[in-house]
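Here is how names work: the chains are called A, B, and so on, in the same order as the sequence lines, proteins then strands, and each is numbered from 1. These values consider heavy atoms only, across backbone and side chains, with no hydrogens, waters or symmetry-generated copies.
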There are 2 protein chains.
Amino acid sequence: MDAAESLCADRRLRLTPVRRRVLELLLAAPKAQGAYDVLSGLNRDAPPRQPPAAYRALDFLVAHGLAHRIERLNAYVACASPGSTHRPAFLICRACDRVAETPDLTPDRLKREADAQGFRIEATVVEAVGLCPACAP
Amino acid sequence: MDAAESLCADRRLRLTPVRRRVLELLLAAPKAQGAYDVLSGLNRDAPPRQPPAAYRALDFLVAHGLAHRIERLNAYVACASPGSTHRPAFLICRACDRVAETPDLTPDRLKREADAQGFRIEATVVEAVGLCPACAP
DNA sequence: ATCGAAATGTTACACTATAACAGAACCGTC
DNA sequence: GACGGTTCTGTTATAGTGTAACATTTCGAT
């Protein structure tokens with residue numbers, strides 16, 4: 001949270017109450033949160049909000065590297081190391097739904113393959129589904 | 001298509017009319033097809049079908065490696081090399097929406113990282129978004 | 001011929017996401 | 001401190017994606 005604040009200060013980004021609250025919710029959650037999970041978290045506070053409020057805040061957080069979207073789950077997690085630009089990978093446990101973030105692991109071979117095809121990579125999605133240590137039998 | 005037939009014959013899988021038709025639609029499509037694209041493709045033929053028909057056929061094709069789901073797009077593509085078990089990666093052009101499949105590129109570093117954490121990988125999603133050669137300016 | 005399993009039909013609904021426009025808050029400048 | 005533009009938020013409505021649940025049919029093997 002502190003990291004997020006200083007990052008926003010540095011970049012002249014506005015960490016508004018809604019955005020801050022959404023980030024807090026993501027940080028507090030043990031697992032990835034859907035947009036509507038976040039929304040109901042917001043609405044546990046004060047005046048009722050609508051879906052766009054949640055999506056806008058989440059878009060902001062993702063755009064600036066404070067959160068990540070897990071495509072496989074249609075859900076979001078707080079970034080584990082905000083500030084550093086990275087292309088993280090995620091380990092998703094199918095039993096407990098917890099998501100672990102690992103540092104940039106975009107495969108060199110993928111880069112090479114893309115180069116060979118003349119494809120210019122702008123973003124990557126690397127997600128693994130399986131069983132985390134706690135859930136492996 | 002021939003490959004799909006012999007694969008199903010080998011494994012005693014039933015490539016029913018719906019499933020076959022969905023696979024044909026995916027093979028014929030220049031880009032990834034959403035489930036509802038597939039559904040309307042089905043309904044261009046004969047009796048009207050409902051969403052579950054499309055989803056069931058797609059699930060079957062994906063389960064047996066005849067098609068892949070592109071998480072980033074909520075869409076599906078026919079497999080480029082059915083029969084071989086693989087963990088493909090995809091290059092998604094954000095301009096023309098075409099999807100290129102590349103052979104297994106699951107990063108070794110991801111495997112090692114997962115091992116180090118005791119995480120057992122069962123499936124991977126590796127997708128890159130960017131510009132394909134035709135769309136790069 | 002019958003039985004069980006697999007596939008499909010059907011209805012209804014849940015979840016995910018965005019368009020479009022109106023209003024409010026912020027921020028710099030004069 | 002009033003303006004004017006930009007950014008953010010509120011609000012309504014709707015589009016897009018996916019599944020639960022149960023009935024019916026089809027298939028394949030005994």
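In this structure, I121(A) CD1 and R87(A) CZ are separated by 6.5 Å, a value rounded to the nearest 0.5 Å. To the nearest 0.5 Å, the span separating CD on Q117(B) from OG1 on T102(A) amounts to 7.0 Å.
When the side-chain hydrogen bond (donor to acceptor under 3.5 Å, both in side chains) test is applied to E127(A), no partner is found at least two apart in sequence or on another chain. Residues satisfying the side-chain hydrogen bond (donor to acceptor under 3.5 Å, both in side chains) test with D37(B), not counting sequence neighbours, are none. Checked against side-chain hydrogen bond (donor to acceptor under 3.5 Å, both in side chains), R49(B) has no partners two or more places apart in sequence or in another chain. Judged as a side-chain hydrogen bond (donor to acceptor under 3.5 Å, both in side chains), and not counting sequence neighbours, Q50(B) has no contacts.
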Result block: side-chain N/O donor-acceptor pairs under 3.5 angstrom for residues 55-62 of chain A, not counting sequence neighbours:
none

For residues 89-98 of chain B, which side-chain donor-acceptor pairs fall under 3.5 Å, sequence neighbours excluded?
{"unit_1": "R94(B)", "atom_1": "NE", "unit_2": "E122(A)", "atom_2": "OE1", "d": "2.5"}
{"unit_1": "R94(B)", "atom_1": "NE", "unit_2": "E122(A)", "atom_2": "OE2", "d": "3.4"}
{"unit_1": "R94(B)", "atom_1": "NH2", "unit_2": "E122(A)", "atom_2": "OE2", "d": "2.9"}

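Near DNA chain D, meaning a heavy atom under 4.0 Å from it, residues 67-78 of chain B has R69(B), N74(B) in order of number. Near DNA chain D, meaning a heavy atom under 4.0 Å from it, residues 8-31 of chain A has R14(A), T16(A), V18(A), R19(A) in order of number. Proximity of residues 49-61 of chain B to DNA chain C (heavy atom under 4.0 angstrom from any strand atom) is restricted to R49(B), Q50(B), P52(B), R56(B).
Taking Ile, Leu, Val, Met, Phe, Trp and Tyr as members and joining any whose side-chain heavy atoms lie under 4.5 Å apart, directly or through other members, the hydrophobic cluster of V125(B) also contains V125(A).
A54(B) and A35(B) make their closest contact through CB-O, 3.8 Å (heavy atoms, listed as atom of the first residue, atom of the second, distance).
Protein chain A contacts DNA chain D from dT7(D) to dT12(D), reading 5' to 3' and using non-hydrogen atoms of the protein with a distance under 4.0 Å.
Between the axis at the start and the axis at the end of the helix from dA1(C)-dT30(D) to dC30(C)-dG1(D) there is an angle of 30°, using five pairs per end and rounding to 10 degrees.
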